[in-house]
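To keep things clear, I will list the structure first and then write my remarks on it.
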There are 2 protein chains.
Amino acid sequence: MIPQRTLIENPGKIRQKNEKTILDSAEIEFAKYGYEGATIKSIAERAGLPKANIHYYFKSKLDLYAAVLNDILDMWNAAFDGIDIHSNPAHALEHYIRAKVEYSRTHGRASRIFACEMISGAPYLRRYLQNEFHYWVSEKAQVIHHWIRQGLIAPIHPMHLFMMIWGATQYLADAQVQVESLLRKPELAGQDYEAFASDLVTVILKGCGLQSYRKTACLTATESSLEFA
Amino acid sequence: MIPQRTLIENPGKIRQKNEKTILDSAEIEFAKYGYEGATIKSIAERAGLPKANIHYYFKSKLDLYAAVLNDILDMWNAAFDGIDIHSNPAHALEHYIRAKVEYSRTHGRASRIFACEMISGAPYLRRYLQNEFHYWVSEKAQVIHHWIRQGLIAPIHPMHLFMMIWGATQYLADAQVQVESLLRKPELAGQDYEAFASDLVTVILKGCGLQSYRKTACLTATESSLEFA
DNA sequence: GTCTATAGTTAGATAGAC
DNA sequence: GTCTATCTAACTATAGAC
């Protein structure tokens, strides 16, 4: 009786690696075709595994979808939890907007899966939206309110401000084909994202009664914005 | 041999009525579950017709989807073709933004189907985006450019301006559940849309260096904006 | 832990009586 | 023009040999 070699050499490693491969493939397929449109077969083929293995690692298609959504929420939290919104309004808003645009660029697929989930009424994320997400946003809204009371920014419904930022930045990821068509580019480059981020920052800041505190934001923004936190 | 009564009394009327019923039902199902998620069965049940009748009026599921998309484009054109963007910038932008918000409110389902189509890479609307749509937008972009050259509004990439407006307004329709959760409303009312429209108008106008030309925009906006055209 | 074969279900589409 | 019954294909999921 020889124990299986892989188990001795890589305790749990195979599982870890395969689960990651499957999750990545699933993310691509779900983003491209939606939940119903994606099939276990296509996910398996992309992962280079037989169909049955998908079911071995994830009980059902719904389980796999839930795992993908969880991954997406983790990324989202990792990307935005570190934001210190207590600095001055212009800095904080610019930093947040640029981070969000960058997220749309680097995690377009995740963003599109999230959008599909919203469009279909958030059947799997409803609880999350009403609890964790709502609390997180309410906290940030308090900060905006505080700034308004102190006269630091012009009066605006904080949620409306967030909606503008989210709508505009999500649009980059969700309507990517439309954007490419508008800008007449076969594929969007980093510069395109940066240019949009700069215009969005300008409009939001000026729209909130804040002077853009730097004229050359457009060129050096991505690097320098990392130093704000 | 008695000719069928319905054909004599209502030449083509039955077809017209049933096609409309089916299109309406299909729009609801496609918006809720996406193309793959919606089924002929569910559409037929919603329309109160047997499955086979759907195939009688629309050759295939794809045909039906194309018809729904066509309906949506018709509505879109009807809603925005009349906009005279040659008036002064502040008026024109405010009018357009309010019309777009109103469209998100009254045609949320259409907006969501359109969004799904974009997210999946616009397999059926690619041609439209690259031709009719692109020309229409380019024309409007010329107007923005003209305003900028004349010093009427602050410099901004016209496409970026449109993207901000579309992103923010589409967000209302596409992420409706998220918005409801944010604003803690079980259902959005007309006031919620108007309030958002007013904040969006304010931010965009100020962001473009335009003074809001009316302080009480928030309250009387919807009615008065209809008189701009 | 892997993979072939297949069960069980449901989808889109059609034939043919009325 | 309507509708029941049915076909074919594709999907999710599982059983069981390795």
Side-chain angles (χ1 to χ4, degrees), chain A residues 1-23 25-26 28-30 32-69 120 123-124, chain B residues 1-23 25-30 32-69 116 120 123-124:
Chain A
M1 282 296 191
I2 304 172
Q4 294 192 356
R5 245 192 324 198
T6 50
L7 275 178
I8 289 181
E9 287 176 4
N10 308 311
K13 290 289 176 193
I14 291 176
R15 175 165 221 104
Q16 221 171 348
K17 190 192 129 214
N18 281 344
E19 280 184 356
K20 170 124 184 58
T21 308
I22 293 170
L23 281 172
S25 306
I28 295 172
E29 293 294 316
F30 282 136
K32 243 190 194 160
Y33 306 106
Y35 176 76
E36 316 280 349
T39 66
I40 301 278
K41 185 167 174 275
S42 64
I43 294 169
E45 277 168 6
R46 186 175 290 278
L49 291 168
K51 249 185 0 171
N53 289 33
I54 311 296
H55 282 100
Y56 174 71
Y57 288 106
F58 299 92
K59 207 183 67 200
S60 68
K61 190 182 181 183
L62 211 57
D63 264 35
L64 178 54
Y65 179 67
V68 170
L69 277 184
S120 53
Y124 304 108
Chain B
M1 283 294 190
I2 303 173
Q4 294 192 357
R5 242 191 326 195
T6 49
L7 275 179
I8 291 181
E9 288 177 3
N10 307 312
K13 290 287 177 195
I14 291 177
R15 175 164 221 103
Q16 221 170 349
K17 191 191 127 214
N18 281 345
E19 281 184 355
K20 169 122 184 58
T21 308
I22 293 169
L23 280 172
S25 305
E27 192 191 296
I28 295 173
E29 293 293 317
F30 282 135
K32 243 189 194 161
Y33 307 106
Y35 177 74
E36 315 281 348
T39 66
I40 301 277
K41 188 168 175 272
S42 64
I43 293 169
E45 278 169 5
R46 185 175 292 277
L49 291 167
K51 245 182 11 166
N53 289 33
I54 311 297
H55 281 100
Y56 175 72
Y57 288 106
F58 299 91
K59 207 183 67 199
S60 67
K61 189 183 180 182
L62 211 57
D63 264 34
L64 179 53
Y65 179 67
V68 170
L69 276 184
C116 275
S120 52
Y124 304 108

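In what follows, every chain begins at residue 1, and chains take the letters A, B, ... in the order their sequences are listed. Quantities reported herein were computed from a predicted structural model and do not represent experimental measurements.
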### Task
Identify the two heavy atoms, one from A/Ala38 and one from A/Tyr33, that lie closest to each other, and give their separation to 0.1 Å.
N-CB, 3.7 Å

#### Entry: Within residues 52-60 of chain B, residues whose heavy atoms come under 4.0 Å of DNA chain D
B/Ala52, B/Asn53, B/Tyr56, B/Tyr57

### Between D/dA10 (C1') and A/Glu36 (CD): distance, integer Å
14 Å

### Task
Kindly point out which of D/dT2, D/dA13, C/dG1 is positioned nearest to the side chain of A/Arg15?
C/dG1

#### Entry: Length of the line joining B/Ile40:CD1 and D/dA10:P, which is rounded to integer Å
16 Å

### Task
Could you give me the CA-CA distance, side-chain angles and deciding distance for A/Ile22 and A/Leu49, then say whether side chain to side chain contact (heavy atoms under 4.5 Å, CB included) is met?
CA-CA 9 Å; A/Ile22 293 170; A/Leu49 291 168; 3.9 Å; yes

### Spacing between B/Lys41 atom NZ and D/dC3 atom P, to the nearest angstrom
17 Å

### Query
Nearest-Å distance, NZ (A/Lys61) to C1' (D/dC11)?
8 Å

### Task
Please test A/Tyr124 against A/Leu62 for side chain to side chain contact (heavy atoms under 4.5 Å, CB included), starting from the C-alpha separation and ending with a verdict.
CA-CA 10 Å; A/Tyr124 304 108; A/Leu62 211 57; 2.9 Å; yes

### Message
So which atom in B/Lys51 and which in B/Lys41 form the shortest heavy-atom distance, rounded to 0.1 Å?
### Response
CG-CA, 3.8 Å

### Message
Counting the atoms with a prime plus P, OP1 and OP2 as sugar-phosphate, which does A/Ala38 contact under 4.0 Å by heavy atoms, base, sugar-phosphate, or nothing?
### Response
sugar-phosphate

### Query
Mind checking what makes side-chain contact (heavy atoms from CB on, under 4.5 Å) contact with B/Glu36, not counting sequence neighbours?
A/Glu36

### Task
Report yes or no: is the cationic atom of A/Lys61 (NZ for Lys, CZ for Arg) under 6.0 Å from the centre of the six-membered ring of A/Phe30, at an angle within 45° of the ring normal?
no

